[in-house]
Amino acid sequence: MISVTGPRRSKRSARFTAAIAAAAMLGAGAIATAGPVAAQDAPPAEAGGASATLGGLKISDGAVMTNADGSKRNLSAGLFEMTTDKGGALQTYCIDFGHPTQGGAQYQEVPWAESSLHNNPDAGKIRWILQNSYPQVKDLAALASKAGAGSLTEKTAAAGTQVAIWRFSDKVNVEAKNADAEKLADYLEKSAQSTEEPGASLRLEPAAVSGKSGDKLGPITVRTDAESAAVSVSPEGAAAGVKVVDKNGAPVTSAADGAELFLDVPAGTPDGAASVTAQAQTTVPVGRAFTGVGKFAESQVQILAGSEASTVTAAASATWAKKGAIPAVTAEKNCAEGGVDVTAKNEGDEAFKFELAGESYEVLPGESRTVTVPVKEDQRYKITISGANGFQKVFEGVLDCKTTDTTPAPQPSPASAGGSGDQGGDLAETGGSSATPWIAGIAAALVVAGGAVVFVVRRKGGSASA
C-alpha cells in the first residue's frame, strides 16, 4: 500500500513545525524499518555518506531579487554552516531558493539524481563556481582581481558566490547589493564551465542483499573518496561465524573504492539478518548535495562548498534463510520519473509475492523487479511493501525534486537561526531562510522549563510570528 500523510505543501506558503528533539535519520534512499523477515530483522541501512545538522546562515551580505511583476525583495545571501554527527564542520550554499530551512534540521549527503539538481543542465556549472570561488578560494584579493572587483570581504565574496549559484540552480533574477559582490557574481556566471558530479564520500551499493545460508551474500560495492573504509558486521554477535569477506572468501576489515564485499553466512546458520557497515575519515567532496531527512525532509536543499575531515558511515542490510523466498527490498527517489523506485530482488528458491500500492507482484527466484510508485512533488509519502510470512517494509519521506517557485521565505535573525554577525536591518529575507524560526529567548526559557516545543508559522507576505 501507499499512503500520503498531511496536506500537500505549497512552495509559496510552506507551513512547517520544528521541535526541540532529536530526529530519526530515515531517508527514501535507505532501507526502511522492516517487519518480520525470516528469524529477525536487519537494522535499517543508512543512505551512506555524511549526515549533519544545520547550524544557520553564518557568513552573508545583502542581495535583491526582482519578481516577475517588477517588485523587489531584500535577501541575505551567503554560507550556511553544518556540523556532522561526529563533530566535523561543513559549509554549504543554498540550491533550493523557494523552500525554507528549518533550524536544527538534519541533512544527509545524496547524489544529484535524488535532489533538485536531478534535471538541471547547469548542475556542473554550479560545481565549477564552488571550486573557483569562496571558500575554496581564500585569497580574496586574487579573486577580486579576476572578477574586476575593487575588494572583497568574506561576506561579500559569500554573497556574490551565492547569487551566481542561484542564477543556475533556480534561474532567478537576483543581484548582490554590494557592487564588488555583484561583479564577482557576474564573473562566476559568465566563466562557469560544466564539470562532472563528484563521487560519494562513502556509499554501499546496493543497500540490501539476500541469499541462502551457506552462501556468500553480495556483492556489495564500496564507493568512497577516502583511501579506505573500515568494514564490519553489525550488530556485533548478530550470528556466530557470519563475517565480511572478499570474492575469494578472505576476511575483510577495510576496503577501498570499488572493492566488492560479501557477507559469508556459514551453512546451518539460523535464518536471520544483519548489516554490513562501513566507516571512513574523509573530506566530503565539494559539490555533493545535502537534503533534509525524517521530519526535516522539506528543509531546502544545500550543496557542499567546504568541508573539514569528517567521519562518514554507510550500511547495507543482508537477509538469509535456508529455503523459500529470500527478498532484498530497497527504495530510492526517482526525481526524473516523479516517484519512488522500489526494487525487490529474490535470491531464494520460491517466488516472492508482495503487495505494493494496491497491486500484486511476483519475483521469481534469481530475478529482480523495480516498481516506480508515483508521488506528487512536495508530497509526504509512506510506502508499505507486504509479503508472505509477515514480511513488511516501510519507506517514508518527501519527494522534493523541483525548484519551480522562486518566492523566498522570511529569514529569522542570526541568533534564532544559529547565525552570527550583523546582517543589517534590511536583510530580512533570503532564499536560504527559515519558515520556522525559533525565537531564541523563548526557546531557551522553554528548554529550562522542560524542553517544550516552540512552533513558529510563517505568515503570507514574508513576516513571521511566534
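What you see below is based on every heavy atom in this structure, not just the backbone, and it leaves out hydrogens, waters and symmetry mates.
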Do the non-hydrogen side-chain atoms of [X] and [Y] ever get within less than 4.5 Å of each other?
X: Thr92; Y: Ile303; result: no
X: Ser232; Y: Thr253; result: no
X: Ile383; Y: Val340; result: yes
X: Phe80; Y: Gln302; result: yes
X: Ser201; Y: Pro285; result: yes
X: Val222; Y: Leu204; result: yes
X: Gln131; Y: Thr195; result: yes
X: Ser133; Y: Leu184; result: yes

Between [X] and [Y], is any side-chain donor less than 3.5 angstrom from a side-chain acceptor?
X: Ser51; Y: Asp85; value: yes
X: Lys155; Y: Asn178; value: no
X: Ser210; Y: Thr319; value: no

Whether [X] side chain and [Y] backbone form a donor-acceptor pair below 3.5 Å:
X: Gln108; Y: Phe290; value: no
X: Asn346; Y: Val363; value: yes
X: Lys393; Y: Ala331; value: no
X: Glu182; Y: Ala176; value: yes
X: Arg167; Y: Asn173; value: no
X: Asn334; Y: Ala336; value: yes
X: Arg288; Y: Pro198; value: yes
X: Thr156; Y: Thr153; value: yes

For [X], which residues count as a side-chain hydrogen bond (donor to acceptor under 3.5 Å, both in side chains) partner, sequence neighbours excluded?
X: Lys138; value: none
X: Ser254; value: none
X: Gln279; value: none
X: Gln281; value: Thr311

Would you give the length of the straight line joining atom [atom1] of [X] to atom [atom2] of [Y], rounded to the nearest 0.5 angstrom?
X: Leu57; Y: Tyr93; atom1: CG; atom2: OH; result: 10.5 Å
X: Asp122; Y: Ser194; atom1: CG; atom2: OG; result: 7.0 Å
X: Leu117; Y: Ser169; atom1: CG; atom2: OG; result: 7.5 Å
X: Asn120; Y: Cys335; atom1: CG; atom2: SG; result: 12.0 Å
X: Leu90; Y: Glu308; atom1: CG; atom2: CD; result: 8.0 Å
X: Leu79; Y: Tyr134; atom1: CG; atom2: OH; result: 6.0 Å

**Q.** Residue Glu227 excluded, over 12 heavy atoms near CD under 6.0 Å
**A.** no

Under a 4.0 Å threshold between the charged nitrogen and the carboxylate oxygen, would [Y] count as salt-bridged to [X]?
X: Glu189; Y: Lys125; answer: no
X: Glu109; Y: Arg203; answer: no
X: Glu197; Y: Arg127; answer: no

Q: Could you please spell out the steps behind the side chain to side chain donor-acceptor pair (under 3.5 Å) verdict for Gln102 and Ser299?
A: CA-CA 6 Å; Gln102 291 180 266; Ser299 194; 4.7 Å; no

(Q) Going by salt bridge (Lys or Arg N to Asp or Glu O under 4.0 Å), name the pairs with one or both residues in residues 334-345, residues two or more places apart or in two chains. (A) Lys345-Glu347

So which atom in [X] and which in [Y] form the shortest heavy-atom distance, rounded to 0.1 Å?
X: Ala185; Y: Ala164; answer: O-CB, 3.7 Å
X: Ala77; Y: Trp166; answer: CB-CZ3, 3.7 Å
X: Pro206; Y: Pro219; answer: CD-O, 3.6 Å
X: Ser71; Y: Asp69; answer: OG-OD1, 2.6 Å

**Q.** side chain to side chain donor-acceptor pair (under 3.5 Å) between Glu377 and Gln379, worked out
**A.** CA-CA 5 Å; Glu377 177 70 9; Gln379 194 86 58; over 6 Å; no

(Q) Tell me every residue that passes ring pair (Phe, Tyr, Trp, His ring centres under 6.0 Å) with Phe354, counting only those two or more places apart in sequence or in another chain. (A) Phe352, Tyr361

By the definition side chain to side chain contact (heavy atoms under 4.5 Å, CB included), identify the one residue from [options] that meets it with [X].
X: Asp257; options: Thr224, Asp225, Leu202; answer: Thr224
X: Phe97; options: Gln300, Lys171, Met65; answer: Met65
X: Ile59; options: Glu81, Gln162, Glu154; answer: Glu154

Q: Go through the steps for Tyr107 and Thr291 under the test side chain to side chain donor-acceptor pair (under 3.5 Å), then give the verdict.
A: CA-CA 5 Å; Tyr107 279 78; Thr291 59; over 6 Å; no

Q | Worked check of side-chain contact (heavy atoms from CB on, under 4.5 Å) between Val329 and Thr343 | A | CA-CA 6 Å; Val329 182; Thr343 300; over 6 Å; no

Q.
Go through it in stages, so that I can follow the logic: the residues are Leu263 and Ile220, the test is side-chain contact (heavy atoms from CB on, under 4.5 Å), and I'd like the CA-CA distance, side-chain angles, deciding distance and then a yes or no.
A. CA-CA 9 Å; Leu263 194 65; Ile220 300 168; 5.8 Å; no

Q: Show your reasoning for whether side chain to side chain donor-acceptor pair (under 3.5 Å) applies to Ser234 and Thr277.
A: CA-CA 6 Å; Ser234 179; Thr277 62; 5.1 Å; no

(Q) Let's go through Tyr187 and Asn132 carefully: what are the C-alpha distance in whole Å and the side-chain angles of both, what is the deciding distance for side-chain contact (heavy atoms from CB on, under 4.5 Å) to 0.1 Å, and is it a yes or a no? (A) CA-CA 11 Å; Tyr187 159 73; Asn132 291 275; 5.9 Å; no

Q: Mind running salt bridge (charged side-chain N to carboxylate O under 4.0 Å, His left out) on Glu396 and Arg380 for me, showing each step along the way?
A: CA-CA 8 Å; Glu396 296 183 63; Arg380 183 170 291 277; 5.9 Å; no

